[in-house]
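Right, one structure below, let's go through it.
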Amino acid sequence: MGDFLFLELKKQVESILNDAVVSLGYEIDSLYVEASQHSDVASNIAFRLASKYRQNPKDIAEKIGNTAVIGNNSYIGKMEVTGPYLNFWAKRNYLDDTVLKIRKEKEDFASNFSSGDIILEHTSANPNGPLHVGHIRNSVIGDTLSRVLKHAGYNVRTQYYVNDIGRQIAIVSWGLKNFGFDESKKSDHAIADLYIRSNQELEKDTFKVQDIDRLMQMVENGDDDTIKIFDESVRYSLEGTKQTLKTLNVSHDEFVYESEFIRNGSVSKIIDELKSTGHTEIDNGALVVDLSDYGFEKQLVIQRSDGTSLYTTRDLSYHEQKSAESDRVIDILGADHKLVSSQLKATMNLLGKKEPEVVIFEFVSLPEGSMSTRKGKFITADDVFDKVKSQAYKEVDKRRPDMPADFKKEISDQVGMGAVRYDIVSVSPEKSTVFDWKKALDFEKQGGPYVQYSHARACNILKKAKTFWNPENSVNPSVLVEDDEVALIKKMAKFDQVIDRSAKELKPHTVATYARELADDFNQFYRYVPVNSAEDDEVRYARLALVDCARIMLANTLYILGISAPESM
RNA sequence: GGGCGUGUGGCCUAGUCAGGACAUGGCGACAGCCUCCUAAGCUGUAAACCAAGGGUUCAAAUCCCUUCACGCCCGCCA
């Protein structure tokens, strides 16, 4: 029947509609088949044909309804014409196949339908301090997206681009030389202290700014001692960042260092390539690229008048490398990169290279304004995680007072981080948000913990059935006829569409919405349909199989969201 | 000044790109439910005509125009 369920059903409806439309002599570009609240799938194609052919949409819908032929060997059970709408319902075998398929394929259900190599860059925060609540929006979006794309079948490599050569690292290194390193603190926090303190010093005494310029020149000229201290600064900062990301359940396959591109000659290579396009010129001693063909009024500076390279230039080299090593390049970037990323895309295009697909997310600000590492105005991710986890501990303690402390600790860590990740990923990236402690610590209903709880409930039912039911036993899914059972099965069947769309549109938040809906349907079922106490054996076993399917799907959805799925909580 | 993004019940939010059948869900409020599988659950009530105004269309939260508000950005920082 194909690899899909909902998508297969949709395809079949499109197919019979297309046959009907063609045989009636109409021409149309799309069949407008979508999921509907009135049926399983519906089409409003009659409206489109009505305006095109100047006929009554109801008549057209009627004609199509009379012409369309539903094959026996399909998922479509019923077609109904409701005024101008064409409604379709799935047949029983659609539900049965869904249950059987999930039981058979488990976490591989609706996966591996795409292929190709993707390099996905995310987080890439400057190594001059700890990650703050804005950075982790990048991490969560990037990590979730990489999980979605992997499930879809892509070979995804995630990269963190380390800016180890910029001005702010020079400032940190200057501070490290002058003030020393505070061993008592988490390394990235100690680096932030140095960065903030150094900035204050530099503001007071502009003479010292020359020190920074000198450090930058020395590092670009390959001075060993300077490189060493830069590396040390970066290593300290990154060490802390990696810990933070680990707590968030985020990991990168590779860390790519910006300085590499200067030292291995790629930067000078790309400058030559740009020159040979004929679109560069010298402006006040600096080398600039003319992007007016791409609608940019201002020229892009790629080399300073003192001959040193800029971030932009090194980023071009980095993208040249990514472009060569993969089929698709995806960047997750904050809203402040909108302009530079479109300039980068234009320049890549000018060079005749693959452009990155850029996912932009809007800013996270504080109630008192935007964050700034330099001014020390930020809330660190570590701080949020700690507070959320201890709040979660209180919640667990309240509900499961008799459980041992290590259970409470483990569950509260999972629930706390689940709440954080869900909270971040569930809002679409293009919305700017304001961080609010009260909201962060309030485990609002129907967030991460809600989905986790639904999963734990499913596990609990199965645990209770262990003595008399084996998940490997074959069952007859056709006895699952209650409304709540059918609704749950249909929701699970739609997983293929969710992954497909999320991967195509690079929108991770749709998976969060789906997770919530799936949990809704499961809880509904849980409330109204008895499983272990069902009177009939065949029914009980089929329901256990359904619970097992729900367990698999909830766990899988949580996995894609990077949230752990506790069996008990 | 210009560019990009956002504006949905008291608060947060889905839906907007591919216009259609009663605008999604939560928080908060109010009223209930321990129903045998964990009440981090479930049920019900009140509450938005989708920033404002115009336009296109048989049909607009969704497309176009204008205005307002907020956020981000605008060449030798990263």
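Quick caveat, the model's predicted, so the values are computed rather than measured. Lettering of chains follows the sequences in order, A, B, ..., and the numbering in each one begins at 1.
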Looking at every strand, decide which applies to [X] at a 4.0 Å heavy-atom threshold: base, sugar-phosphate, or nothing.
X: Ala50(A); answer: nothing
X: Val529(A); answer: base
X: Asn284(A); answer: base
X: Glu505(A); answer: base
X: Tyr528(A); answer: sugar-phosphate
X: Val547(A); answer: nothing
X: Asp484(A); answer: nothing

Determine the minimum heavy-atom distance between Lys52(A) and Glu27(A), stating which atoms define it.
->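 Here Lys52(A) and Glu27(A) meet closest at NZ-O, 2.8 Å.
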Roughly, in whole Å, what's the span from [atom1] in [X] to [atom2] in [N]?
X: Phe47(A); N: C63(B); atom1: CZ; atom2: P; value: 19 Å
X: Asp520(A); N: G26(B); atom1: CG; atom2: P; value: 7 Å
X: Lys431(A); N: A51(B); atom1: NZ; atom2: P; value: 10 Å
X: Gln343(A); N: C4(B); atom1: CD; atom2: P; value: 14 Å
X: Arg501(A); N: G15(B); atom1: CZ; atom2: P; value: 11 Å
X: Leu49(A); N: G20(B); atom1: CG; atom2: C1'; value: 14 Å
X: Arg540(A); N: C37(B); atom1: CZ; atom2: P; value: 15 Å
X: Gln446(A); N: A39(B); atom1: CD; atom2: P; value: 15 Å

Salt bridge (Lys or Arg N to Asp or Glu O under 4.0 Å) involving Glu355(A) - partner list, sequence neighbours excluded |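 Applying salt bridge (Lys or Arg N to Asp or Glu O under 4.0 Å) to Glu355(A) gives none.
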Using salt bridge (Lys or Arg N to Asp or Glu O under 4.0 Å) as the criterion, list what pairs up with Asp231(A), not counting sequence neighbours.
->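 In terms of salt bridge (Lys or Arg N to Asp or Glu O under 4.0 Å), with neighbours along the sequence ignored, Asp231(A) is linked to no residue.
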Could you list, one pair per line, each protein nitrogen or oxygen that sits under 3.5 Å from a nitrogen or oxygen of nucleotides 72-75 of chain B, together with the distance?
residue: C72(B); atom: O2'; partner: Ala335(A); partner atom: O; Å: 3.2
residue: C72(B); atom: O2'; partner: Asp336(A); partner atom: N; Å: 3.3
residue: C74(B); atom: O2'; partner: Lys298(A); partner atom: NZ; Å: 2.8

For a quick test of reading the model: is some side-chain N or O of [X] closer than 4.0 Å to OP1 or OP2 of [N]?
X: Arg516(A); N: U24(B); result: no
X: Arg304(A); N: C77(B); result: yes
X: Tyr32(A); N: G19(B); result: no
X: Tyr450(A); N: C42(B); result: yes

Decide, yes or no, whether a salt bridge links Lys78(A) with Glu80(A) under the criterion of side-chain N to carboxylate O below 4.0 Å.
->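 Salt bridge present between Lys78(A) and Glu80(A).
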Sidechain N-carboxylate O distance under 4.0 Å for Arg167(A), Asp213(A) |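 Asp213(A) and Arg167(A): salt-bridged.
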List, with names and distances, any nitrogen or oxygen atoms from the protein found under 3.5 Å away from nitrogen or oxygen atoms belonging to nucleotides 31-35 of chain B.
residue: U35(B); atom: N3; partner: Arg527(A); partner atom: NE; Å: 2.6
residue: U35(B); atom: N3; partner: Arg527(A); partner atom: NH2; Å: 3.1
residue: U35(B); atom: O4; partner: Arg527(A); partner atom: NE; Å: 3.3
residue: U35(B); atom: O4; partner: Arg527(A); partner atom: NH2; Å: 3.2

Using the [atom1] atom on both, measure [N] against [M] and round to a whole Å.
N: C63(B); M: C50(B); atom1: C1'; answer: 16 Å
N: U13(B); M: G7(B); atom1: C1'; answer: 13 Å
N: G54(B); M: G28(B); atom1: P; answer: 38 Å
N: A61(B); M: A14(B); atom1: C1'; answer: 12 Å

Less than 6.0 Å separating the ring centroids of Tyr422(A) and Tyr450(A)?
->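 No, the ring centres sit 6.0 Å or more apart.
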Searching all strands shown, indicate the nucleotide that pairs with A14(B) (Watson-Crick or G-U wobble; both distances under 3.5 Å).
->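 When the pairing criteria are applied, nothing turns out to pair with A14(B), so the answer is none.
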Do any of residues 36-45 of chain A sit with a heavy atom less than 4.0 Å from RNA chain B, and if so which?
->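 Those residues are Ser36(A), Gln37(A), His38(A), Ala42(A), Asn44(A).
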Within residues 52-59 of chain A: residues closer than 4.0 Å to RNA chain B (heavy atoms) =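 The answer is none.
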Evaluate the criterion side-chain contact (heavy atoms from CB on, under 4.5 Å) for residue pair Glu34(A) and Asn44(A); output intermediate values, then yes/no.
-> CA-CA 9 Å; Glu34(A) 279 303 329; Asn44(A) 58 43; over 6 Å; no
Output every pair passing salt bridge (Lys or Arg N to Asp or Glu O under 4.0 Å) with a member in residues 358-376 of chain A, not counting sequence neighbours, ordered by first then second residue.
->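 Listed by first then second residue: Glu203(A)-Arg374(A), Lys338(A)-Glu362(A).
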Name the closest nucleotide to the Val531(A) side chain, picking from C37(B), C76(B), G19(B).
->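 Of C37(B), C76(B), G19(B), C37(B) is nearest to the side chain of Val531(A).
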Name the closest nucleotide to the Arg167(A) side chain, picking from C37(B), C77(B), A40(B).
->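 Of C37(B), C77(B), A40(B), C77(B) is nearest to the side chain of Arg167(A).
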Does [X] have any side chain to side chain contact (heavy atoms under 4.5 Å, CB included) partners at least two apart in sequence or in another chain, and if so, which?
X: Val162(A); value: Pro127(A), Tyr160(A), Asp164(A), Val234(A), Leu238(A), Phe255(A), Tyr257(A)
X: Arg214(A); value: Asp211(A), Met218(A)
X: Val33(A); value: Lys10(A), Val13(A), Glu14(A), Leu17(A), Leu31(A), Val41(A), Ser43(A)
X: Glu430(A); value: Ser428(A)

Under 3.5 Å, is there a donor-acceptor pair linking the side chains of Tyr393(A) and Lys398(A)?
->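 There is no such pair (donor and acceptor under 3.5 Å, judged by atom type) between the side chains of Tyr393(A) and Lys398(A).
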Does a donor on one side chain and an acceptor on the other come within less than 3.5 Å for Asp331(A) and His337(A)?
->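 The criterion, which ignores hydrogens and geometry beyond distance, is not satisfied for His337(A) and Asp331(A).
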Between Phe261(A) and Tyr318(A), how do the two ring planes meet: parallel, tilted or perpendicular, split at 30° and 60°?
->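 Taking Tyr318(A) first and then Phe261(A), their aromatic rings sit tilted (interplane angle of 30° to 60°).
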Report the relative orientation of the aromatic rings in His135(A) and His132(A); use parallel for angles under 30°, tilted for 30 to 60°, perpendicular for over 60°.
->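 Ring orientation of His135(A) relative to His132(A): parallel.
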Should G9(B) be called syn or anti, with syn set as within 90° of 0?
->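 For G9(B), whose glycosidic angle is more than 90° from 0, the conformation is anti.
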Ignoring hydrogens and angles, are the base of A40(B) and the side chain of Asn523(A) linked by a donor-acceptor pair under 3.5 Å?
->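 Flag unset: no donor-acceptor pair detected.
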Which atom pairs, donor and acceptor, lie under 3.5 Å between side-chain atoms of residues 505-516 of chain A and protein residues at least two apart or in another chain?
residue: Thr510(A); atom: OG1; partner: Lys507(A); partner atom: O; Å: 2.9
residue: Thr513(A); atom: OG1; partner: His509(A); partner atom: O; Å: 3.3
residue: Tyr514(A); atom: OH; partner: Lys491(A); partner atom: O; Å: 2.8

If you pin Met569(A) and Thr82(A) to their nearest nucleotides in RNA chain B, which one's is more 5'?
->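 Final value for this comparison: Thr82(A).
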Between Asn126(A) and Lys439(A), which has a closest nucleotide on RNA chain B that is more 5'?
->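 Its nearest nucleotide being more 5', the pick is Lys439(A).
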